[in-house]
Amino acid sequence: MTVIIRNASVLNKEGLLERKHIELQEGVISAIIDGNEAIGEATEIIDAEGKLLIPGLIDMHVHLREPGFEHKETVETGSRSAAKGGFTTIACMPNTRPVTDSPEIVQFVKDKAREAGLVKVLPYAAITKNELGRELTDFAALKEAGAIGYTDDGVGVQSAQMMKDAMNIAASLDMPVIAHCEDNSLVEGCCVAEGEFAKKHGLKGIPNESEAIHVGRDILLAEATGVHYHVCHVSTEQSVRLIRQAKEIGIKVTAEVCPHHLLLAEDDIPGLDANWKMNPPLRSRRDVEACIEGLLDGTLDMIVTDHAPHSEEEKAKGMQLAPFGIVGFETAFPLLYTAFVETGKWDLSLLVQRMTADPARVFRLNTGVMEIGAPADLTLIDLEQEKEVDPSSFASKGRNTPFGGWKLKGWPVKTWVDGKAVWTEKN
């Protein structure tokens, strides 16, 4: 079967848009044809009508909730939501129930993803059994089962010795350690960042140091062990500074940032609506600017969503009692395109690179590029279409977003994985 996507607007190596016809065969890109040339025979011809065609988006930090929290999300519903948002590869965190700390649970997640038949799902495995920070998991067996790295995301590894041991083993296996950086002694009983919002509402605040202390500690441990150390959802100026310094002296550290930490600060929170509660929390304007600068200069390597669905009943418990987290798959690209590219602050090529080629490079994936022979993982985006964020229309089970009602441009309209259309916008 041959599919040709004709009249697509494609970014070239200089970051400029060119009209191209893209041919797909047997799951890979088989030809890239100049837009002025004639196209051959095909089983299916799709007219892109000048819309933007990019490599499928990659999200290396997501929560699919299965097993154990299927009322929040499943591998299937999360995968469908990802496809709708233009993502073709996603990496899911292990803080499920049971925790993904055994080869059997890694295989369970892979089987569920295969059954769903939508996007590529890459499972992380836990660093410690049950994410309790007391005993390391069997890293070698988890790698053999298909885990792509080790993380206790959702909680920080509190023991420096435990983290150093984990890094030593991971380094020996040529595997990355992915860290949720949080010192528990500084966050107990907190629900928002330490700042004016917390003071105004009489809430105990999470200080920036709670994140940065672990970042600094782990950078030193990564230097000692030689492991590939990856920092989750960076949100503070201090963390950005530490990561930048570590990269400058050659420590093998990479990092990610979420759309909400690039777009929102604590003074944007309108009230005690728990759809604005996330971990890390929304910080100060200074922290937002530091994260933006870090993304632009490459200190922060990639954008991830930290897609974290919860039920409406859970989020209705209010700021103090509701769980942390917001959904992100279906709004990530339009939010960033509208805020930064449409306004002329960023080049389109930078946004695409941070959501495709860069995560693929960091985690050594064989996708994230549009070239002959590459997997036909592609996303078609209508840069002109403008519509409001409507949580009731999400493919995810989660509706928990602070972006409801925002008017955005740059919506994905079709997604292919290995040449198969896995989501198409219905007009």
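On a predicted model such as this, the values are computed, not experimentally measured, just so you know.
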Are [X] and [Y] within salt-bridge range, i.e. N to O under 4.0 Å?
{"X": "R283", "Y": "E266", "result": "no"}
{"X": "E256", "Y": "R354", "result": "no"}
{"X": "D174", "Y": "K143", "result": "no"}
{"X": "K199", "Y": "E194", "result": "no"}
{"X": "R286", "Y": "E289", "result": "no"}
{"X": "E425", "Y": "K51", "result": "no"}
{"X": "K420", "Y": "D377", "result": "no"}
{"X": "R241", "Y": "E237", "result": "yes"}
{"X": "R285", "Y": "D268", "result": "yes"}

Can you tell me if D152 and T128 form a side-chain donor-acceptor pair at under 3.5 Å?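 Looking only at side-chain atoms, T128 and D152 do form a donor-acceptor pair, the distance falling under 3.5 Å.
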Check E314, E313, H310, R65 against H71 for a side chain to side chain contact (heavy atoms under 4.5 Å, CB included) and give me the one that passes.
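When E314, E313, H310, R65 are each tested with H71, the side chain to side chain contact (heavy atoms under 4.5 Å, CB included) holds only for E314.
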Acceptor/donor pairs from residues 402-411 side chains to any protein atom, 3.5 angstrom cut, sequence neighbours excluded:
from, atom 1, to, atom 2, distance (Å)
K409, NZ, E342, OE2, 3.3
W411, NE1, L408, O, 2.8

Practice prompt. May I have all residue pairs that pass salt bridge (Lys or Arg N to Asp or Glu O under 4.0 Å) and include part of residues 200-210, sequence neighbours excluded?
Written response: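 Sorted pair list comes back empty.
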Whether the side chain of N366 engages the backbone of A360 through a donor-acceptor N/O pair (distance < 3.5 Å, no angle test) should be reported.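 Pair absent, no side-chain N/O of N366 close to backbone of A360.
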Is there a donor-acceptor contact under 3.5 Å from the side chain of D101 to the main chain of N130?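 Side chain of D101 to backbone of N130: a pair is present.
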#### Entry: Centroid-centroid under 6.0 Å between Y150 and Y124 rings
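Centroid separation for Y150 and Y124: 6.0 Å or greater.
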Next on the checklist: D301: which residues meet the salt bridge (charged side-chain N to carboxylate O under 4.0 Å, His left out) condition with it, sequence neighbours left out?
Outcome noted: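 Result, salt bridge (charged side-chain N to carboxylate O under 4.0 Å, His left out) vs D301: K247, R361.
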